[in-house]
Amino acid sequence: MSRPMVLEPREPVPLRRRPAALLAVGAARLLVLLPPRRIRRALTLARRGAAPATAEEALAARRVVVALSARCAGEGCLQRSIATALLCRMRGVWPDWCTGVRTSPFRAHAWVEVAGLPIGESHSPGYYHRLMVVPSGGRAEDRAEGRAQGRAGGSRERP
């Protein structure tokens, strides 16, 4: 089955903002090649010391990433979400980075959210069942969820 692909609208990006965004997109391109547990570990390390992002900060980062990368503007949701989170981190903040699925019809997706609301996404909260989250650490329930996922993940690798 094919699904029509429509690129997201792309806005011009000032020259001074491009280097950080291109670095985030490039790093995300490399991270998507890793197994999921290593992606989660890398993002968990990256988010340390960051303040929780606001919806405006996360949306601004997403728009810059989409404007500079055709892959991120299209079907590259994993790379787009990682690049968005990394660009936010370069600015000192971190949104919740999420991956999830839905079953009917089956779809897997990756996105960032703030306060439980997906940022720049057409789906509503709860549309995808969250499987993996690297929370911002700003809310107690996010921290508890991250610890529970760490225990449930069963990874035998050392930190």
Side-chain angles (χ1 to χ4, degrees), residues 1-11 21 24-47 50 52-89 93-157:
M1 276 169 59
S2 71
R3 198 172 92 184
M5 185 177 121
V6 178
L7 295 179
E8 292 189 30
R10 298 167 78 175
E11 302 170 2
V25 169
R29 180 70 182 122
L30 296 175
L31 284 172
V32 300
L33 301 174
L34 298 175
R37 71 178 182 276
R38 292 210 175 151
I39 293 173
R40 180 177 57 205
R41 178 177 292 156
L43 294 180
T44 299
L45 289 172
R47 72 120 194 247
T54 65
E56 295 79 24
E57 291 167 330
L59 185 58
R62 187 181 193 281
R63 285 181 176 156
V64 170
V65 164
V66 166
L68 293 179
S69 171
R71 182 182 304 252
C72 292
E75 293 291 309
C77 66
L78 183 58
Q79 184 176 347
R80 176 178 55 241
S81 65
I82 292 172
T84 300
L86 291 175
L87 185 57
C88 283
R89 181 59 187 102
V93 296
W94 187 264
D96 295 346
W97 176 82
C98 308
T99 62
V101 296
R102 63 170 292 159
T103 56
S104 182
F106 179 80
R107 296 262 190 260
H109 190 51
W111 68 97
V112 297
E113 60 183 43
V114 173
L117 299 174
I119 301 299
E121 301 288 339
S122 59
H123 62 84
S124 60
Y127 186 75
Y128 289 96
H129 175 72
R130 291 171 26 162
L131 295 178
M132 187 168 30
V133 179
V134 177
S136 64
R139 300 182 311 186
E141 59 269 18
D142 287 342
R143 289 190 298 273
E145 182 178 316
R147 284 192 300 271
Q149 284 184 355
R151 286 191 300 270
S155 174
R156 300 204 187 284
E157 294 181 37

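In this structure, CZ in R29 is found 10.0 Å from CG in L78, a value given to the nearest 0.5 Å. Atom CG in L43 sits 6.0 Å away from atom CG in L86 (nearest 0.5 Å). Within the model, atoms CD of E121 and CZ of R80 stand 5.5 Å from one another, a figure rounded to the nearest 0.5 Å. Atom-to-atom distance recorded for H109:NE2 and L131:CG is 13.0 Å, nearest 0.5 angstrom. To the nearest 0.5 Å, atoms CH2 (W97) and OG (S81) are separated by 5.5 Å. Note that CZ of R130 and SG of C98 are 4.0 Å apart. Values are rounded to the nearest 0.5 Å.
Nearest approach of A21 to V64, heavy atoms of both residues: CB-CG1, 3.3 Å. Closest of all the heavy-atom pairs between A83 and V65 is CB-CG1, 3.8 Å. Across all their heavy atoms, Q79 and S69 have their closest contact at NE2-OG, 4.5 Å. Contact detail for R62 and T84: the closest heavy-atom pair is CA-OG1, 3.6 Å. Residues Y128 and A108 share a closest heavy-atom pair of CE2-C, 4.5 Å. For W94 against S136, the heavy-atom pair with the smallest separation is O-CB, 3.1 Å.
Test V112, V93, I119 against C88 for side-chain contact (heavy atoms from CB on, under 4.5 Å) and you get one pass: V93.
For R102, the side chain to side chain donor-acceptor pair (under 3.5 Å) criterion is met by Y127, not counting sequence neighbours.
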